[in-house]
Amino acid sequence: MLEHTQLTDKELNDELLRDILTMPKWWLPAVLFLATIVITGYSAFGYMVFNGLGVTGLNRPVFWGFFIANFVFWIGISHAGIMISAILRLTQAEWRRPITRAAEVMTLFSLAAALHTPLFHVGRPWRVFYWIFPYDFSRGIWPNVKSPFVWDPSAVGTYLIASTLFVIVCLIPDLAILRDRAKNKITKFIYAQLCLGFRGTTRQWKLQIIAGILLSALVLPIFVSVHTVVSWDFAVLIGTEGWRSTIFGPYFIIGAVHSGVSAVAMLMALSVWIYGLQNYIKPDHFDAIARLLIVVATTWFFFFFLEWVWAMFTLESPEIALRELQVGPWPWGPLFGIFVITSFVIPVPLWMFRRFRRNAAIMFFTTILVNIGMWLERFLIVIPSLMRRSHLTFDWGSYSPSLIEILIVLETFAFVALGMLLFAKAFPLVPVFDMKEGMRNRHLIKVGRRIIPATIREGLPHHYYNKEHHK
Amino acid sequence: MAQESHKWGMVIDIDRCTGCNACVIACQSENNIPTNLEAHFNQRRAIQWIRIERYWEGEFPDVKARFIPIICQHCGNAPCEPVCPVYATYHNNEGLNVQVYNRCVGTRFCANGCPYHVRFFNFWEPEWPESLKNQLNPDVTVRSRGIMEKCTFCVQRIRRATRLADRDSVELEDGDRGLNPACVNSCATNGLIFGDWNDEDSQINQIKNKEMQEGGRAFGLLENLGTSPNVIYLKKVDESAEGHHGH
């Protein structure tokens with residue numbers, strides 16, 4: 001990467017901790033606005049639990065609706081954190097440094113948002129503990145391990161715990177910086193407690209680095225398992241056209257990566273605009289993530305195409321009826337068109353041009369489009385299949401969401417945004433220690449006549465360094 | 001026990017069905033199913049453990065009405081059973097697909113799996129008019145809001161009949177000691193026949209042996225899905241109706 005702003009430790013500290021130690025003007029109105037939406041959503045939850053699921057638009061045979069589509073969407077977004085942090089960390093992609101923290105935190109909040117809907121969407125939410133935790137030993141009945149619903153909470157729960165640990169491990173050195181720079185006693189005390197006595201000794205650094213690498217390696221299997229298990233919620237049902245598909249596992253995972261990485265690119269643009277991080281997130285970073293996205297989006301489109309080919313291959317009339325419904329009548333057909341155009345047809349050709357890849361505004365809008373499309377994808381997987389426009393024509397169904405469902409779906413979006421804002425108020429959104437490490441490792445080396453910046457890690461012979469150019 | 005195990009099943013003769021809906025009403029009152037108001041139908045949330053599907057065949061004026069009573073098929077290989085996280089629905093050793101209301105948390109996963117759409121969710125708290133409160137069947141649980149329910153083959157009647165047969169030390173026969181479900185008892189044309197597949201002499205086995213032959217009328221509903229239903233349907237194939245499907 002060519003562009004680089006070499007900053008001293010002091011400049012890094014000042015810039016990255018500025019918004020924590022001072023209060024920007026827009027912060028309170030934004031938080032209040034989001035909090036209003038969240039409180040409205042929680043009131044809708046309360047209303048729904050009190051009155052029963054009759055207040056939703058669900059019916060027979062469409063027993064799942066907006067909530068499950070939204071659940072799958074947020075689980076998908078949560079894949080960004082692991083994709084960015086773990087995989088890019090293990091492959092030592094240097095451009096990951098400024099965006100890892102934001103991606104991990106988004107993972108946490110989107111997982112929490114995902115957990116909102118399925119738990120309250122059961123008929124008797126006060127009894128969900130029988131299949132989540134603790135299991136109901138007293139009646140001598142274990143949960144049914146054949147059901148994907150037993151694996152859903154365990155996969156998502158493991159993912160949530162692992163990501164939380166990951167975020168905490170990566171936060172510790174930054175918390176220590178905050179402890180040292182906190183202006184009043186109370187915040188100093190809180191950060192001192194949170195940083196677990198980190199003083200930057202060699203041993204502590206070693207442990208922190210080992211823990212980070214171990215966690216990123218251990219989290220990788222979860223990365224694959226979570227969305228596969230979510231896809232089983234659909235794929236195991238033989239009687240439901242459009243769901244019983246062996247391709248759903250990988251198809252869901254790559255779809256999750258597609259929407260998740262897009263969400264990270266969106267977040268990068270937002271953090272440049274809101275927090276003024278242009279010294280850290282450069283056009284080069286957008287360029288790198290867009291190139292990654294081209295690969296992911298194309299792979300995803302390949303699976304999407306395969307899913308259709310394999311479905312149509314058998315030429316079974318119920319399957320054809322379902323596909324006709326998906327691409328045909330209002331609103332499914334138009335939604336399907338929007339989904340394909342926004343998640344692939346518009347963004348990927350734009351990302352092919354270097355000029356557009358390096359433009360934060362274009363990256364922002366294309367990745368927003370991708371996420372609109374990916375939300376619709378989940379919606380189009382869940383609902384038309386359940387409408388059962390096939391065998392028993394007497395029993396054809398349809399579905400339209402109620403106001404309560406719309407409010408709760410909006411609430412999950414406000415919840416994630418609010419969570420990110422609150423987090424960024426208390427902790428640096430760009431990992432300060434990781435940036436410093438990046439700055440240390442970066443040197444200017446001479447190749448022929450040109451001097452270019454390069455990242456040099458331990459293990460390289462010392463004569464590669466050109467110390468004079470290191471400011 | 002007089003008999004090692006039962007395998008309850010039903011034969012539904014579509015050629016005999018007149019679409020009178022007596023079975024629907026009988027089921028409604030036997031099993032404490034809340035009154036289906038017009039609003040419930042408009043919301044597509046009516047609960048009918050047995051329903052009569054009505055199909056029109058042919059072009060006007062040469063139109064035929066076809067009726068298919070559809071109940072839980074008590075599949076031997078039921079798609080609804082493995083997906084329940086709490087074992088609220090499982091297969092018992094008498095061939096019944098049973099629903100344990102107390103365990104059900106209401107994920108509705110089972111209902112999404114059922115290709116026959118015979119699983120019902122209580123979207124609302126069940127309600128009856130004041131005048132009907134005293135007619136509730138004391139042998140059947142009133143299901144609360146938020147749980148799944150479905151046809152049980154009137155398991156309360158099966159239990160009572162097997163108990164009575166045990167007491168009298170006799171083998172339970174067709175329709176013996178009030179064994180038949182409410183829908184079977186109410187059918188005016190004997191279109192529904194209930195019995196035990198494990199009993200060689202039962203009426204349903206005799207019908208099966210006769211109708212499963214070449215040219216017989218027996219078929220299983222959506223049996224190509226591999227659900228192996230315990231209910232078989234009888235229908236003479238009407239060559240003239242080929243290719244005309246309406247609804």
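Here is how names work: the chains are called A, B, and so on, in the same order as the sequence lines, proteins then strands, and each is numbered from 1.
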Quiz item: Applying a criterion of heavy atom separation less than 4.5 Å, what residues of residues 75-86 of chain B form contacts with chain A?
Solution: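 If one takes a 4.5 Å heavy-atom cut-off, the residues of residues 75-86 of chain B near chain A are B/Pro79, B/Glu81, B/Pro82, B/Val83, B/Cys84, B/Pro85, B/Val86.
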
Would the distance check show the side chain of B/Tyr87 and the main-chain N or O of A/Pro143 forming a donor-acceptor pair, the cut-off being under 3.5 Å?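 Answer holds: no.
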
Original post:
Is there a donor-acceptor contact under 3.5 Å from the side chain of B/Arg45 to the main chain of A/Arg60?
Top reply: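 Checking the backbone N and O of A/Arg60 against the side chain of B/Arg45, no donor-acceptor pair under 3.5 Å is found.
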
Considering only heavy atoms, which portion of [X] lies under 4.5 Å from any heavy atom of chain A: side chain, backbone, both, or neither?
X: B/Arg51; answer: side chain
X: B/Ile68; answer: neither
X: B/Glu53; answer: both
X: B/Leu222; answer: side chain
X: B/Ile52; answer: backbone

Taking every non-hydrogen atom, the tightest pair across [X] and [Y]:
X: A/Asp395; Y: B/His117; result: OD2-ND1, 3.0 Å
X: B/Phe109; Y: A/Asp233; result: CE2-O, 2.9 Å
X: A/Phe63; Y: B/Arg108; result: O-NE, 2.9 Å
X: A/Thr240; Y: B/Asn112; result: OG1-O, 2.6 Å
X: B/Thr107; Y: A/Trp64; result: O-NE1, 3.0 Å
X: B/Arg44; Y: A/Trp396; result: NH1-O, 2.8 Å

Heavy-atom pairs under 4.5 Å with chain B: which of A/Gly397, A/Pro148, A/Ser398 has the most?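 Looking at each of A/Gly397, A/Pro148, A/Ser398 in turn, A/Ser398 comes out on top.
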
Heavy-atom side-chain contact between B/Asn122 and A/Leu53 under 4.5 Å:
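Not touching, per the 4.5 Å side-chain cut-off.
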
Among B/Gln43, B/Glu125, B/Arg103, residue most engaged with chain A (heavy-atom pairs, under 4.5 Å):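 Top option by heavy-atom pairs under 4.5 Å: B/Arg103.
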
Checking heavy atoms, do the side chain of A/Leu386, its backbone, both or neither come under 4.5 Å from chain B?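 When you check distances to chain B, only side chain atoms of A/Leu386 fall under 4.5 Å.
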
- Query: What is the distance from atom OH of B/Tyr90 to atom CG of A/Asn144, rounded to the nearest 0.5 Å?
  - Reply: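 Interatomic distance, B/Tyr90 OH to A/Asn144 CG, rounded to 0.5 Å: 12.5 Å.
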
List the steps, then state whether side chain to side chain contact (heavy atoms under 4.5 Å, CB included) holds for B/Ser144 with A/Arg124. CA-CA 10 Å; B/Ser144 68; A/Arg124 302 198 285 182; 4.0 Å; yes

